[in-house]
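Worksheet: one structure, shown below.
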Amino acid sequence: GENVEQHPSTLSVQEGDSAVIKCTYSDSASNYFPWYKQELGKRPQLIIDIRSNVGEKKDQRIAVTLNKTAKHFSLHITETQPEDSAVYFCAASIFGGETSGSRLTFGEGTQLTVNP
Amino acid sequence: DSGVTQTPKHLITATGQRVTLRCSPRSGDLSVYWYQQSLDQGLQFLIQYYNGEERAKGNILERFSAQQFPDLHSELNLSSLELGDSALYFCASSVRQGSYNEQFFGPGTRLTVL
């Protein structure tokens with residue numbers, strides 16, 4: 001099955017700096033890569049996603065890049081703010097077809113701390 | 001608020017017992033997913049239902065079962081509970097079941113097995 005590895009597990013930055021989180025996946029059939037932000041005790045919330053036919057996507061201070069050949073994708077947060085502090089999860093999705101459905105395989109998460 | 005509701009919010013029970021977790025998807029969403037989040041395992045996919053039928057299956061234990069009803073709400077049944085089953089259980093829903101459909105997560109049910 002799919003395996004997603006995420007690094008680093010913890011990341012501490014100063015407010016205003018950039019943060020980069022990297023993930024690799026194993027199954028070349030994965031074609032959708034969402035990133036979720038989870039605050040303590042809360043539900044995961046989608047912050048950005050990218051499809052396999054796109055190399056890069058940006059939404060204000062957040063960007064995601066995808067390298068299909070190397071099977072890795074990264075989250076970039078610029079001009080970090082204390083409210084960006086949370087756990088970030090990458091995920092990879094495989095759609096097995098109408099009768100096999102789809103699943104998200106998550107990375108282990110990165111605890112991002114933005115120090116004021 | 002994602003529009004996905006889960007009950008109960010918290011559940012405390014003893015080993016060997018059986019519990020049922022309930023999920024109501026967003027209005028119009030046909031696909032429901034269940035995930036388990038424990039401290040040492042991260043977010044683990046358990047099972048997916050689409051329009052009442054089981055579709056994808058993850059590492060779901062035989063002691064666990066789920067179903068999706070005609071009104072599209074779903075229930076996750078956990079039986080013969082063990083201490084290691086203590087975790088946050090999330091339900092998510094999406095409009096359809098393809099890869100590109102954003103999954104919206106509910107607030108979760110925190111299960112504590114004593």
Side-chain angles (χ1 to χ4, degrees), chain A residues 1-7 9-10 23 25 27-54 57 59 64 66 68 86-111, chain B residues 1-6 9-10 23 25-26 29-60 66 68 74 87-110:
Chain A
E2 174 66 282
N3 182 51
V4 177
E5 294 188 358
Q6 182 171 347
H7 301 279
S9 56
T10 60
C23 290
Y25 62 99
D27 195 330
S28 55
S30 290
N31 58 3
Y32 174 64
F33 306 92
W35 285 86
Y36 284 85
K37 175 183 179 182
Q38 187 179 29
E39 296 174 356
L40 191 61
K42 302 282 183 67
R43 61 187 173 89
Q45 289 188 271
L46 181 76
I47 56 170
I48 196 167
D49 57 13
I50 191 168
R51 300 185 181 189
S52 59
N53 59 349
V54 175
K57 184 176 178 181
D59 183 3
V64 58
L66 170 65
K68 278 197 321 182
V87 178
Y88 290 80
F89 290 95
C90 63
S93 177
I94 295 175
F95 179 50
E98 289 300 317
T99 56
S100 299
S102 61
R103 65 182 67 196
L104 279 178
T105 301
F106 284 86
E108 291 298 310
T110 296
Q111 173 68 63
Chain B
D1 185 2
S2 65
V4 180
T5 60
Q6 289 187 248
K9 286 185 73 173
H10 303 277
C23 167
R26 294 186 322 155
D29 284 2
L30 298 177
S31 195
V32 169
Y33 311 79
W34 285 97
Y35 295 89
Q36 179 192 56
Q37 185 174 36
S38 51
L39 280 175
D40 58 346
Q41 292 283 326
L43 273 160
Q44 300 287 320
F45 168 74
L46 295 178
I47 198 163
Q48 178 214 357
Y49 279 82
Y50 178 73
N51 204 18
E53 295 192 7
E54 180 185 305
R55 288 286 189 254
K57 212 167 183 178
N59 295 326
I60 186 168
Q68 187 180 26
S74 178
L88 253 178
Y89 290 84
F90 286 104
C91 164
S93 73
S94 64
V95 174
R96 289 177 295 276
Q97 63 170 338
S99 271
Y100 300 153
N101 291 278
E102 177 182 351
Q103 293 186 25
F104 294 85
F105 281 75
T109 292
R110 182 171 294 281

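Keep in mind that this is a model prediction, so the values were computed, not measured. Chain letters run A, B, ... following the sequence lines, proteins first and then strands; every chain starts at 1.
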Does any heavy atom of chain B fall under 4.5 Å from the side chain of A/Pro34, the backbone, both, or neither of them? neither
Establish, yes or no, whether a centroid distance under 6.0 Å links the rings of B/Phe45 and A/Phe106. no
Need one label for B/Ser2: side chain, backbone, both or neither, based on atoms under 4.5 Å from any heavy atom in chain A. both
Pick one of side chain, backbone, both or neither for A/Asn31, based on which atoms fall under 4.5 Å of a heavy atom in chain B. both
Can you check whether anything in residues 50-60 of chain B gets within less than 4.5 Å of chain A, heavy-atom wise, and list it by number? B/Arg55, B/Ala56, B/Lys57, B/Gly58
So which atom in B/Asn101 and which in A/Tyr32 form the shortest heavy-atom distance, rounded to 0.1 Å? O-CE2, 4.5 Å
Checking A/Trp35 now: which residues fulfil ring pair (Phe, Tyr, Trp, His ring centres under 6.0 Å) with it, not counting sequence neighbours? A/Phe73
For B/Tyr33 and A/Ser102, which heavy atoms make the closest approach, and how far apart are they? OH-OG, 3.4 Å
Does any heavy atom of chain A fall under 4.5 Å from the side chain of B/Tyr35, the backbone, both, or neither of them? side chain
Spacing of A/Asp49 atom CG and B/Gln103 atom CD [to the nearest 0.5 Å]: 11.5 Å
Of all heavy-atom pairs between A/Gln38 and B/Phe90, which one has the smallest distance, and what is that distance? NE2-CZ, 3.5 Å
Taking A/Gly1, A/Gly109, A/Pro44, A/Gly41 one by one, which has the highest count of heavy-atom pairs under 4.5 Å against chain B? A/Pro44
Report which part of B/Glu102 has an atom under 4.5 Å of a heavy atom belonging to chain A: side chain, backbone, both, or neither. both
Would you say that B/Phe104 contacts A/Arg43 through its side chain, given a criterion of any heavy-atom pair below 4.5 Å between the two side chains? no
Within a reach of under 6.0 Å around CZ of B/Arg26, are more than 12 heavy atoms found that belong to other residues, nucleotides or ligands? yes
